[in-house]
There are 2 protein chains.
Amino acid sequence: MKVLIIEDDPLHRSYLNEAIRAALPECDGVLEAENGNAGERLARDLKSAHIVMDLQMSQRNGIEAARTIWKERPETRILFWSNYSDEAYVRGVSRIVPVGAVYGYVLKSASDDRLKLALRSIFIESQCVIDREVRGMQQKSLGNVNGFTEAEYEILIDIALGLTDRAIAQRRNLSVRSVQNRLQQLYVKLGVYQPLGGQDDEGRFNLRARAVAVAFLRKLLNHSALERAEADLSAWLARQPHD
Amino acid sequence: MKVLIIEDDPLHRSYLNEAIRAALPECDGVLEAENGNAGERLARDLKSAHIVMDLQMSQRNGIEAARTIWKERPETRILFWSNYSDEAYVRGVSRIVPVGAVYGYVLKSASDDRLKLALRSIFIESQCVIDREVRGMQQKSLGNVNGFTEAEYEILIDIALGLTDRAIAQRRNLSVRSVQNRLQQLYVKLGVYQPLGGQDDEGRFNLRARAVAVAFLRKLLNHSALERAEADLSAWLARQPHD
DNA sequence: ATCTTTTCTGCGGGATCCCGCAGGGTCTCG
DNA sequence: CGAGACCCTGCGGGATCCCGCAGAAAAGAT
């Protein structure tokens, strides 16, 4: 059994290496990659790898790497080991995990023991391990309580990218008016909507831009989510003949 | 001589601790704080501390901490030790460094020796040390070559926060038209402006929203910059009587 | 099959945004 | 002093956005 580490911070890499050797004595080889690209390559070469990776790497974001790895080999087991439990990350991960796949998500702030336990659970006992905090985020995200529909999240991304209503309608196969409906819905859920009564900060905010701002502040969006979205967008634009 | 470490990652903290003891034998005490708040408190208690800190901490952002520390004791020497050289960070730091202050900015990806050398330069020889990469960012940022004026940066932040033209005008003491002028300027510099000729992706983008998106993608803006801006904004809103 | 709920859609109008045009300030340089 | 460069400002108009209203279509429920 071999384990592949994908992590760009050297300190964290060597810490992980040690933890893996300690927690998994049956493991007979630990490989390291310092970014998503190298990680994908190594994962492709290895027959069936067990992977521990960071999200948020400079070269190629962890979620992208995981997506292509899982696309080629859906049975690969991946433990995400991240600093944050931003909704953007959690949503990004649960969007790409294949059905029935074994994976984990533990925070770097977790204790030594928790990490080792997660390693054993996932790689030996084939059991998913999701940190409490991350799990909470998932629930809040997927349950409709204070949670965002896939449609709402989608349109949030579209305006964050700077698309016009018309472009969004075209991209999502909707009428312009429907796009605007979803926008209104989004504004309400983000607490950005301005009831006409309050003369207080009337007209201070541009709803569209404000929605993006609070989404960022609430970590519903983050840099890597935006990068992924931008990549998707330009792929779509290239596929688009002309208007 | 005592040194204060402000850094939220335990691994990096202990690594720093070791590096400091190795590089500065004349140092007779190393204190650690795991977030900005605790760091500020410790800095206040110590007579005259030398500080090494991370930007990007969860509780209270490094730039905020540095600002209050320097406000109380401008002669404090601070070495910023960060993962990134985002323009947003570099600009944030150089905006708050007091005149004549001794400080440093080195990346975590730098070698062991570079870090130790920086420690000695700053704390012993009173000499500023700025990483090449960061320095490059500074130049590009401050020089007008592909760089952004303070005014442009300011308005970028305002639209990123979601303010309307009118609100911006009010806040910055300008007419609405002037705000719009600056916006146009900004659009041009961000490469977002759409010359009327090109029928290609005509009308695909909402310039205002798109500008914010590319600013984020180019790391001209990041989460912590937005957080600071939001705090400033709400302070200003509170100070505002009513329109 | 019928009723209900949700979502999609067109219409229309007021507010906002984007920006060309033109006039009036300040500052510098010759 | 005038010429030039720069920024600020008002005006006006076309495009876009925000959203109430109401009918049509789709998805579920009884």
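Just so we're on the same page: letters track the sequence lines, and every chain starts at 1. Just the heavy atoms: all of them, side chains too, but no hydrogens, waters or symmetry mates, feed the values below.
- Put simply, the side chain of B/Arg171 never gets that close to the backbone of B/Leu163: no donor and acceptor are under 3.5 Å apart.
- If you check D/dC19, D/dT9, C/dC8 against the side chain of A/Ser178, the one that comes closest is C/dC8.
- Closest approach to the A/Asn206 side chain among C/dC19, C/dC17, D/dC8 is made by C/dC17 (side chain taken as heavy atoms from C-beta onward).
- Distances shown here put every side-chain N or O of B/Arg177 at or beyond 4.0 Å from the OP1 or OP2 atom of D/dC8.
- Here the side chain of B/Arg210 pairs no donor or acceptor atom with the backbone of B/Val192 at under 3.5 angstrom.
- You'll find that the side chain of A/Arg208 is closest to D/dC17, out of D/dC8, D/dC17, C/dC18.
- Within 6.0 Å of CD in A/Glu34 there are 12 or fewer heavy atoms belonging to other residues, nucleotides or ligands.
- Taking side-chain N and O atoms only, B/Arg182 has a distance below 4.0 Å to OP1 or OP2 of D/dC8.
- Considering only side-chain N and O atoms, A/Gln184 lies under 4.0 angstrom from the phosphate OP1 or OP2 of D/dG20.
- Distance, B/Leu186 CG to C/dC17 C1': 15 Å, rounded to whole Å.
- As rounded to whole Å, 17 Å separates atom P of C/dT16 from atom CD1 of B/Ile159.
- Regarding A/Leu163, its CG atom lies at a distance of 15 Å from the C1' atom of D/dC17, rounded to whole Å.
- To the nearest angstrom, C1' of D/dC11 lies 16 Å from CG of B/Asp165.
- Between the CG atom of A/Leu207 and the C1' atom of C/dC17 there is a distance of 13 Å, rounded to whole Å.
- OP1 or OP2 of D/dT9 has at least one side-chain nitrogen or oxygen of B/Ser175 nearer than 4.0 Å.
- The distance from atom CZ of A/Phe205 to atom C1' of D/dC17 is 18 Å, rounded to the nearest whole Å.
- Separating the CD atom of A/Glu150 from the C1' atom of C/dT7 is a distance of 17 Å, rounded to the nearest angstrom.
- Regarding A/Leu183, its CG atom lies at a distance of 13 Å from the P atom of D/dG20, rounded to whole Å.
- Distance from the side chain of B/Asn181 is smallest for D/dT9 among the nucleotides D/dT9, D/dC19, C/dC8.
- A distance-only check finds a donor-acceptor pair linking the side chain of A/Asn61 to the backbone of A/Ile63 [under 3.5 Å].
- A/Arg77 forms no cation-pi arrangement with A/Tyr103, by the criterion of a distance under 6.0 Å to the ring centre and an angle within 45° of the ring axis.
- For the OP1/OP2 pair of D/dT16 and a distance below 4.0 Å, the side-chain nitrogens and oxygens of A/Thr164 include no atom meeting the criterion.
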